[in-house]
Amino acid sequence: MSNVLKCEHLRVVFGGLAAVSDFNIEVNENEIVGLIGPNGAGKTTVFNLLTGVYSPTSGLITLCDKDLKGMSTIERSHEGIARTFQNIRLFKDMSVLDNVMNSFNFKMNYTIFEALLRLPRYWKEEKIAREKAMDYLHVFNMENLANEDAGNLPYGSQRRLEIIRALATNPKLLLLDEPAAGMNPAETENLMETIVKIRDSFHVSVLLIEHDMNLVMGICEKITVLNFGEVIAQGTPKEIQKNPVVIEAYLGKKRS
Ligand SMILES: Nc1ncnc2c1ncn2[C@@H]1O[C@H](COP(=O)(O)OP(=O)(O)OP(=O)(O)O)[C@@H](O)[C@H]1O
Ligand SMILES: [Mg+2]
């Protein structure tokens, strides 16, 4: 199985404190991998390192064997990393369809004059992009919401739209930061099916941060556990569930 993401000895220090240290992980093709740990463990910081929001103090990140060192967030998006955020980020006053179209990584070939004058090439390319965006919405049964303002959608649909926007960049690796946060059990159940469907239909690897243990244990093939910025365990859901170090650090404690 080939390697999509690899982190080796990743470390980042903020004001003298290591938020993440000696972080190692491998995510293979078509794998769904969980990243768990108590609040403040460094999970979102790992995503910020992967996406180039922060530069590591030391360590290596490779995507399909390519070193990402020095690449900006946009360059990493072009390389194939997409993410969703712990707090939803959408263009709330724009339609659902425009939110998706806005995410495409490909360049439109019309000039600004062709757009302003609404010349044929503008319409042709807009039509192709619109049809493609509708295809994405269709996969998630959201095509009937295409013309709604994103901000008016129910919470679960906003989270789904954020995932569609990430997918529309055509990633190799999809990073989901607490996708089930704020969802009710039915929405979470639906989300679990959606994530598996995404992996199967889009052939994307998924690394997800989540506090909902049903979701993590239900769909992740491998799990990495962080505590105080350090990896304290890695393994299958079964191995993680019975690991005493994990139980003490995380599973045994109630979330604050
Ligand atoms: N830019 C920054 N400057 C200083 N400290 C930071 C910065 N970003 C993160 N931290 C610190 O790093 C630690 C890990 O934070 P992080 O947000 O990665 O945790 P988390 O595991 O995602 O937690 P949660 O489950 O609550 O989302 C925290 O102590 C946080 O305050
Ligand atoms: Mg976080």
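Counting starts at 1 for both ligands and their atoms, in listed order. Bear in mind that the values here come from a model prediction, so they are computed numbers and not experimental data.
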Nearest non-hydrogen contact to atom 15 (O) of ligand 1 from the set V13, T45, N48 belongs to T45
Carboxylate-amine/guanidinium contact E131 K127, below 4.0 Å: yes
For the Mg ion (ligand 2), protein N, O or S atoms at a distance below 2.8 Å amount to 2
Number the atoms of ligand 1 from 1 as they appear, then name those within less than 4.0 Å of a heavy atom of N39, with their elements. 23 (O), 24 (P), 25 (O), 26 (O)
Answer yes or no: does an N/O atom from G40 fall short of 3.5 Å to an N/O atom of ligand 1? yes
Counting heavy atoms only, which of K43, E210, H211, Q86 comes nearest to atom 27 (O) of ligand 1? Q86
Ignoring hydrogens and geometry beyond distance, is a side-chain donor-acceptor pair present between R160 and N141 at under 3.5 Å? no
Find out whether V206 and V33 are in side-chain contact, i.e. whether some heavy atom of one side chain is under 4.5 Å from a heavy atom of the other. no
Pairs flagged by salt bridge (charged side-chain N to carboxylate O under 4.0 Å, His left out) wherever residues 209-231 is involved - sequence neighbours left out: E31-K222, R199-E221
Report yes if some N/O of A41 lies less than 3.5 Å from some N/O of ligand 1; otherwise report no. yes
Check: E8/N24 side-chain N/O donor and acceptor closer than 3.5 Å: no
Around atom CG of D67, are there more than 12 heavy atoms from other residues, nucleotides or ligands closer than 6.0 Å? yes
Nearest non-hydrogen contact to atom 22 (O) of ligand 1 from the set T44, V12, L17 belongs to T44
Looking at E79 and K66, does any basic side-chain N land under 4.0 Å from a carboxylate oxygen? yes
Ring centres under 6.0 Å, that's the criterion: do F14 and Y54 meet it? yes
Need the ligand 1 atom indices (1-based, order shown) with element for anything under 4.0 Å from a heavy-atom of E178. 25 (O), 27 (O)
Roughly how far apart are I195 CD1 and I219 CD1, rounded to 0.5 Å? 4.0 Å
Within a distance under 4.0 Å of any heavy atom of A19, pick out the atoms of ligand 1 and give their elements. 12 (O)
Sub-4.0 Å heavy-atom contact, G42 with ligand 1: yes
Within less than 4.0 angstrom of ligand 1, does Y54 place any heavy atom? yes
